Trainee: 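Structure provided below as structure tokens; questions to follow.
Below, chain A is the first sequence line, B the second, and so on; all start at residue 1. This is a predicted model, so every value here is computed, not measured.
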2 protein chains.
Amino acid sequence: MRLSTRGRYGLRAMLDIAIDQSDEPVTLASISERQGVSIGYLEQLMVPLKKEGLIRSVRGAQGGYLLSRVPENITVGDIIRTLEGPIAPVACVSEDYPEECDRAEGCVTRLVWAKVRDSIAEVLDSLTLHDLIEETRKSSDR
Amino acid sequence: MRLSTRGRYGLRAMLDIAIDQSDEPVTLASISERQGVSIGYLEQLMVPLKKEGLIRSVRGAQGGYLLSRVPENITVGDIIRTLEGPIAPVACVSEDYPEECDRAEGCVTRLVWAKVRDSIAEVLDSLTLHDLIEETRKSSDR
DNA sequence: CAATATCCTAGCAAATTGGTAGGATTTATA
DNA sequence: TATAAATCCTACCAATTTGCTAGGATATTG
């Protein structure tokens with residue numbers, strides 16, 4: 001039941017971009033330095049995030065990445081689903097296209113996994129990047 | 001964010017044993033037939049479940065497996081933790097021995113994963129084998 | 001003693017994970 | 001108009017995890 005580094009690093013990267021207030025693009029080099037993740041790996045994470053429309057990029061010198069929406073309108077769930085796929089502790093209760101299964105009817109354990117899926121989704125969807133920025137400020141004024 | 005087959009098959013196997021009312025040991029051969037999981041693989045799952053004290057075994061002819069406790073006292077969480085390890089969407093918020101991390105203090109994303117962990121645990125710990133037996137009966141009287 | 005079970009050790013192919021390498025392309029600025 | 005700074009793109013790959021199977025040893029019943 002582990003999240004892969006894609007989701008973890010991806011969320012850190014998105015928060016890193018969100019925290020920057022300058023309105024100037026944030027480079028992967030700077031994210032890499034702050035977050036301790038290689039530029040090459042970050043590049044891979046940016047591809048789906050951009051395709052999904054959560055960020056936009058500026059190419060060339062002084063380029064980098066910017067959020068496409070205000071932090072209030074980007075949830076952790078948006079980011080995690082983009083990088084890890086639909087939430088699905090097991091394939092037969094996937095949010096998107098649940099996998100067919102012979103024993104589906106009368107499969108009681110399926111109900112368990114559906115509850116797990118929903119409880120995870122509830123947490124991820126209730127948190128926005130804005131919330132995490134706030135939390136960051138709180139923990140830094142000490 | 002997937003559960004492995006160990007947890008899935010293991011829960012099915014445990015429920016299968018729980019549903020048997022005969023007080024006689026349930027063989028892996030019969031579980032295998034009903035659940036569509038090989039005997040060899042089931043054997044592997046029984047080892048930790050037995051070590052954890054959730055089931056006991058009877059060797060030899062007419063042998064098999066029995067629950068060590070009444071279904072009311074075995075939660076889904078007990079089974080999943082036994083087969084999959086402590087609940088931990090990421091290592092730094094593992095229920096058991098959270099992995100150290102340089103950026104632990106001030107790491108806001110950690111709070112997210114802790115919430116996810118707790119919400120998963122809440123679901124798994126609130127469901128017992130008894131609940132699932134009840135659910136099975138309900139879905140079969142139609 | 002034969003049949004039926006669990007127990008135990010090993011091994012292994014396929015998939016997934018977590019990256020790296022190397023270059024092509026775009027753009028700001030000196 | 002070069003040059004440097006960036007993103008973009010394709011490929012590859014080693015290590016780990018997953019999901020098993022094989023083959024036998026041991027225990028128990030009838």
Trainee: Among residues 41-60 of chain A, which ones have heavy-atom contacts with DNA chain C below 4.0 Å?
Mentor: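 Those residues are A:Tyr41, A:Gln44, A:Arg59, A:Gly60.
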
Trainee: Could B:Glu95 and B:Arg81 be called an ion pair, given the rule that one side-chain N must be under 4.0 Å from one carboxylate O?
Mentor: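 So B:Glu95 pairs with B:Arg81 through a salt bridge.
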
Trainee: Mind calculating the distance between CD (B:Gln62) and C1' (C:dA5) to the nearest angstrom?
Mentor: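 Taking CD of B:Gln62 and C1' of C:dA5, I get 9 Å after rounding.
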
Trainee: For B:Val37 versus B:Ser32, what's the shortest heavy-atom pair and its separation?
Mentor: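 Taking every non-hydrogen atom into account, O-OG, 2.6 Å.
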
Trainee: Expressed in angstrom and rounded to an integer, what is the separation of A:Tyr65 atom OH from D:dA5 atom C1'?
Mentor: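 After rounding, the gap between these two atoms is 13 Å.
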
Trainee: Given D:dA4, D:dG19, C:dG19, which nucleotide is nearest the side-chain atoms of A:Ala61?
Mentor: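 Given the options D:dA4, D:dG19, C:dG19, the side chain of A:Ala61 is closest to D:dA4.
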
Trainee: Between A:Arg34 and A:Asp20, does any side-chain N to carboxylate O distance fall below 4.0 Å?
Mentor: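 Not counted as a salt bridge, because no side-chain N and carboxylate O are separated by less than 4.0 Å.
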
Trainee: Return the value, rounded to whole Å, for the distance between atom CD1 of B:Ile31 and atom P of C:dT6.
Mentor: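 Going from B:Ile31 (CD1) to C:dT6 (P), I get 8 Å.
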
Trainee: Are B:Tyr9 and D:dT18 close enough that a side-chain N or O sits under 4.0 Å from OP1 or OP2?
Mentor: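 The answer is no; no side-chain N or O of B:Tyr9 sits under 4.0 Å from OP1 or OP2.
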
Trainee: Measure the distance from CD on A:Glu33 to P on D:dA5 and round it to the nearest whole Å.
Mentor: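 It works out to 14 Å between those atoms.
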
Trainee: Would you kindly give the CD1-to-C1' distance between B:Ile39 and C:dC7, to the nearest whole Å?
Mentor: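 One finds 13 Å between C1' of C:dC7 and CD1 of B:Ile39, rounded.
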
Trainee: Given atom CG of A:Leu83 and atom C1' of C:dT17, what is their separation to the nearest angstrom?
Mentor: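 In whole Å, C:dT17 C1' lies 14 Å from A:Leu83 CG.
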
Trainee: How about CD on A:Glu33, more than 12 heavy atoms from neighbouring residues, nucleotides or ligands closer than 6.0 Å, or not?
Mentor: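 Count not over threshold, so no.
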
Trainee: With a cut-off of less than 4.0 Å, is there a side-chain N or O of A:Ser38 near OP1 or OP2 of C:dT20?
Mentor: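 Answer is yes, contact under 4.0 Å.
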
Trainee: For B:Cys92, is there any backbone N or O sitting under 3.5 Å from a side-chain donor or acceptor partner on B:Arg110?
Mentor: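 Yes, B:Arg110 side chain to B:Cys92 backbone: donor-acceptor pair under 3.5 Å.
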
Trainee: Can you check whether B:Thr27 has a side-chain N or O nearer than 4.0 Å to OP1 or OP2 of C:dA5?
Mentor: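 B:Thr27 to C:dA5 OP1/OP2: no side-chain N or O under 4.0 Å.
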
Trainee: Using the rule that two of Ile, Leu, Val, Met, Phe, Trp, Tyr join whenever any of their side-chain heavy atoms come within less than 4.5 Å, decide whether A:Met46 and A:Ile39 are in one cluster.
Mentor: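 Hydrophobic grouping puts A:Met46 with A:Ile39.
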
